[in-house]
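The structure appears below as structure tokens.
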Amino acid sequence: MNAPSPRFRPLKFGVTQVSLSGDKGAVQYLRAQQPLQSWSPRMADRLLHWASEAPDRSFLAQRVRSADGTRGDWRHVTFAQALDAARRIAQALLDRGLSAARPVVILSENDIEHALLTLGCLLAGVPWCPASPAYSTISQDYGKLRHVLDTLTPGLVFASDPHRYGRAILATVGEDVEVVTTESSVAGRDTTSFARLLATEPTPAVDAAMAATGPDTIVKFLFTSGSTKLPKAVINTQRMWCANQQQMRQSMPVLTEEPPVLIDWLPWNHTFGGNHNFGLTLYNGGTLYIDEGKPTPALIGETLRNLREIAPTLYFNVPTGFEAIAGAMKTDDALRRNFLSRVKMFFYAGAALAQPVWDSLYESEEREIGERIVMTSGLGMTESSPYGLFVTSPNVKAGDLGVPTPGLELKLVPTDGKVEIRYRGPNITPGYWRAAEATAEAFDSEGFFCTGDAVKWIDENDPHQGLRFDGRIAEDFKLATGTFVSVGPLRARIIGAGAPYIQDAVLTGLNLKEVGAMIFPTAAVRTLSGLGPDASMDEVLASEPVLAHFQNVVDDLAILATGSANRIARLIVLATPPSIDLGEITDKGSINQRAVLKHREALVTALHNDTAPNILKPRVRQDA
């Protein structure tokens with residue numbers, strides 16, 4: 001007998017039918033049959049709308065931090081309070097003559113002041129840029145921060161904590177740029193308090209400035225991660241952001257059923273946290289609880305604490321976050337009970353979600369509520385605002401992307417044995433700020449943005465099921481035999497096989513005979529080793545239990561391999577984590593394969609010359 005189909009908590013999918021044109025094997029065009037409906041011309045209109053319709057509803061919340069650093073009760077800001085603060089800040093920005101040529105740059109993490117400053121920018125028509133906090137707090141040379149400031153030439157720089165950000169400010173921010181901080185000041189530098197901005201009395205100039213903005217007004221700059229070159233400043237317009245929010249409402253009807261409640265850590269300098277999640281909260285009149293946790297050993301406890309207290313209606317995270325939550329829910333009854341009480345949809349992005357994590361989540365859900373929560377995903381990027389594709393079924397599998405959102409046209413272009421996906425629509429950026437050459441290179445002759453992402457059909461005979469991810473075309477390479485190695489799917493297979501001890505994998509073997517893998521381990525590998533906390537990472541990785549685990553991973557992968565292009569012939573686990581200064585990783589945890597290969601070229605050579613320590617090779621013959 002066949003096992004009964006799993007039961008899911010109800011979730012509607014907005015787009016289930018697509019139109020496909022073009023011949024199979026040639027360029028094809030794909031779009032949703034559902035047309036895109038009208039959207040608000042400005043995001044500021046949504047703030048005014050909710051301040052009128054639901055003035056006392058909590059829009060933002062964050063735990064109050066005491067003098068000793070502990071986090072206490074929640075501080076709430078209603079829509080009415082947010083509008084009042086935004087009007088005051090907008091007037092202060094107008095008084096300073098800020099503009100796209102002299103925008104606002106925000107150095108620090110998500111917090112209420114950060115949010116209020118961006119709302120003030122919205123009303124004033126002054127673009128802002130949330131820079132990666134890691135550029136100021138982790139970087140040692142401030143190279144990327146200097147690049148951000150040189151590209152944008154800001155008129156005002158904000159940082160919440162002058163003690164954490166003071167060194168970076170003194171090293172990179174010119175004396176002609178005003179510095180604003182939430183508390184105290186930067187030693188040795190004139191500093192404006194955030195309270196001074198809030199004390200500004202608004203005038204009719206604020207309303208006039210907002211009325212002067214329109215669909216083509218630049219609302220913000222978001223920098224790319226800089227996979228191959230220095231990060232580029234992606235222009236985000238009002239049209240892009242607003243159209244994308246309407247696209248989300250039509251693809252995810254759950255957004256229209258009730259005001260969403262989010263508890264979210266995703267950084268606002270990334271489009272996932274800043275455009276997608278902050279945007280959907282504002283556009284749909286929801287409440288955003290700012291989670292100061294993060295899926296790292298040091299900070300995951302704060303996220304779990306928040307989820308025991310705040311029950312979201314939707315929950316977004318990256319795979320490492322869901323992995324940590326899945327592990328905790330196995331034994332944490334309070335977490336499981338509150339977190340699952342009213343959530344209607346999970347959504348992951350950024351990397352592949354390993355099947356063991358998926359299975360663990362389903363097990364906890366069925367145990368607690370007797371049904372599963374639909375785990376959704378899709379595809380997007382900074383240049384697409386970011387929402388582009390979304391799954392169409394509760395039976396989603398790792399790698400499924402689904403179909404295009406209404407109003408977005410896809411162009412599927414055969415390229416070197418793969419199919420590149422390209423975008424054209426109202427949510428697509430007009431280009432990169434002060435980078436005309438890079439902008440011209442990013443679009444094809446028909447005006448489609450070239451993503452570099454490869455896709456394939458979930459079912460070649462049923463385009464309505466949509467597309468699957470097939471890696472990044474630029475990451476793929478050829479072996480000496482001329483055989484192409486498809487990096488994306490193979491990397492996901494490695495991470496899944498080594499869960500929960502693999503953070504990420506970088507594949508090697510360009511112009512060589514075999515594929516190799518360099519593994520970045522998770523912190524859990526220390527527990528696996530059985531060694532104490534004082535053991536070095538080199539000692540941990542050389543321990544017998546760790547070597548045995550990864551030997552089994554190599555063996556299991558070899559059994560599933562069908563040829564040299566997807567057979568890991570040699571593997572090494574790295575003690576040195578990826579470097580943000582060298583561009584090997586973003587602060588969200590995304591690995592830059594090219595940067596890792598470039599900066600660890602000597603190790604790649606040693607791996608393939610059998611001179612690196614603790615190289616693991618499959619004990620299974622290739623012809624077995």
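Between the side chain of Arg336 and the backbone N or O of Met329, at least one donor-acceptor pair lies under 3.5 Å. At least one donor-acceptor pair under 3.5 Å links the side chain of Thr118 to the backbone N or O of Ala115. At distances below 3.5 Å, not a single donor-acceptor pair connects side-chain atoms of Gln62 with backbone N or O atoms of Ile290. Listed for the Thr522 side chain is a donor-acceptor partner under 3.5 Å among the backbone atoms of Pro500. Formation of a donor-acceptor pair under 3.5 Å by the Gln28 side chain with backbone atoms of Gly22 is found in this model. Side-chain atoms of Asp476 come within 3.5 Å of backbone atoms of Val487 as a donor-acceptor pair (strictly under, hydrogens ignored). Looking at Trp241, its side chain does come within 3.5 Å of a backbone N or O of Asn275 through a donor-acceptor pair. Asn284 places no side-chain N or O within donor-acceptor distance of the main-chain N or O of Gly286, the cut-off being under 3.5 Å. Judged purely by atom type and a 3.5 angstrom limit, Thr392 has no side-chain atom pairing as donor or acceptor with the backbone of Gly402. Formation of a donor-acceptor pair under 3.5 Å by the Asn338 side chain with backbone atoms of Leu307 is found in this model.
The distance from the CD1 atom of Ile428 to the CD atom of Glu383 is 8.5 Å, given to the nearest 0.5 Å. For the atom pair CZ (Arg424) and NZ (Lys411), the distance works out to 8.0 Å, reported to the nearest 0.5 Å. Between the CG atom in Asn244 and the OG atom in Ser384 there is a gap of 6.5 Å [rounded to 0.5 Å]. For the atom pair Lys330 NZ and Glu363 CD, the distance stands at 7.0 Å (nearest 0.5 Å). The distance from atom CG of Leu282 to atom CG of Leu288, rounded to the nearest 0.5 Å, is 10.5 Å. Interatomic distance, CZ of Arg472 versus CZ of Arg491, reported as 11.0 Å (0.5 Å rounding).
The two residues Asn395 and Asp400 make their nearest non-hydrogen contact at O-OD2, 4.5 Å. Among all heavy-atom pairs drawn from Pro259 and Gly285, the shortest one is CB-O, 3.3 Å. Residues Pro133 and Asn269 approach most closely at CD-OD1, 3.5 Å, considering heavy atoms. Ser40 approaches Arg46 most closely through the heavy-atom pair OG-CD, 3.2 Å. Here the shortest heavy-atom pairing between Val553 and Ala497 reads CG2-O, 3.8 Å. Closest non-hydrogen pair, Pro260 versus Leu280, comes out as CG-CD1, 3.8 Å.
Using a 4.0 Å cut-off between charged nitrogen and carboxylate oxygen, Glu257 and Lys344 do not count as a salt-bridge pair. The pair Arg63-Glu292 does not count as a salt bridge, with every side-chain nitrogen at least 4.0 angstrom from each carboxylate oxygen. Using a 4.0 Å cut-off between a side-chain N of Lys or Arg and a carboxylate O of Asp or Glu, Arg372 and Glu366 qualify as a salt bridge. Taking the charged nitrogens against the carboxylate oxygens, Arg594 and Glu584 have no contact shorter than 4.0 Å, which rules out a salt bridge. Under the 4.0 Å criterion applied to side-chain N and carboxylate O atoms, Asp45 and Arg42 are assigned as salt-bridge partners.
Side-chain contact between Ile421 and Leu379: present, with at least one pair of heavy atoms (C-beta onward) separated by less than 4.5 Å. Taking 4.5 Å as the limit, every side-chain heavy atom of Val413 sits out of range of all side-chain heavy atoms of Val419. By the 4.5 Å heavy-atom criterion applied to side chains, Thr376 and Leu11 are counted as neighbours. When side chains are defined from C-beta on, Ile519 counts as touching Phe550, because their heavy atoms get closer than 4.5 Å. Within the 4.5 Å cutoff, no side-chain heavy atoms of Arg422 are placed close to those of Leu410. You'll find the side chain of Asp453 stays beyond 4.5 Å of the side chain of Ile473, heavy atoms only. Within the 4.5 Å cutoff, the side chain of Val219 has no heavy atoms near those of the Thr237 side chain. Residues Tyr387 and Gln245 have side chains not in contact (no heavy-atom distance under 4.5 Å, counting atoms from C-beta outward).
Between Tyr315 and Phe339, the ring centre distance stays below 6.0 Å. Remark: aromatic rings of Trp265 and Tyr289 are distant, center separation not under 6.0 Å. For Phe278 and Trp268, the gap between ring centers is short of 6.0 Å. The aromatic ring centroids of Phe347 and Phe316 lie less than 6.0 Å from each other. Ring centers of Phe443 and Phe448: at least 6.0 Å apart, outside the cut-off.
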Exercise. Please walk me through it: do Leu408 and Gln247 pass side chain to side chain contact (heavy atoms under 4.5 Å, CB included)?
Worked result: CA-CA 9 Å; Leu408 179 67; Gln247 290 171 321; 4.2 Å; yes
For this session: Any chance you could lay out the side chain to side chain donor-acceptor pair (under 3.5 Å) test for Gln17 and Gln34, step after step, and finish with the verdict?
Result: CA-CA 8 Å; Gln17 299 291 308; Gln34 180 185 128; over 6 Å; no
Problem set entry | Trace of the side chain to side chain contact (heavy atoms under 4.5 Å, CB included) decision for Val343 with Thr313 | CA-CA 4 Å; Val343 66; Thr313 60; over 6 Å; no
For this session: Before giving the answer on side chain to side chain contact (heavy atoms under 4.5 Å, CB included), spell out for Val391 and Leu401 the whole-Å C-alpha distance, their side-chain angles and the decisive distance to 0.1 Å.
Result: CA-CA 5 Å; Val391 298; Leu401 304 175; over 6 Å; no
For this session: Go through Tyr501 and Leu528 one step at a time and tell me if the side chain to side chain contact (heavy atoms under 4.5 Å, CB included) criterion holds.
Result: CA-CA 8 Å; Tyr501 303 111; Leu528 178 64; 3.8 Å; yes
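The one candidate from Trp358, Phe322, Phe272 that meets the ring-ring contact (aromatic ring centres under 6.0 Å, His included) condition with Tyr348 is Trp358.
Enclosure of atom CG in Asp462 by more than 12 non-hydrogen atoms of other residues, nucleotides or ligands within 6.0 angstrom is indicated. Counting heavy atoms of neighbouring residues, nucleotides and ligands inside a 6.0 Å radius, atom CZ of Arg31 does not exceed 12 of them.
Counted by atom type alone, Asn566 and Thr562 present one or more donor-acceptor pairs between their side chains at under 3.5 Å. Judged purely by distance below 3.5 Å, without hydrogens or angles, the side chains of Thr78 and Ser58 never pair a donor atom with an acceptor atom. Inspection of the Tyr362 and Glu371 side chains reveals no N or O donor paired with an N or O acceptor under 3.5 Å. Checking Asp291 against Thr303 by side-chain atom types alone, a donor-acceptor pair falls below 3.5 Å.
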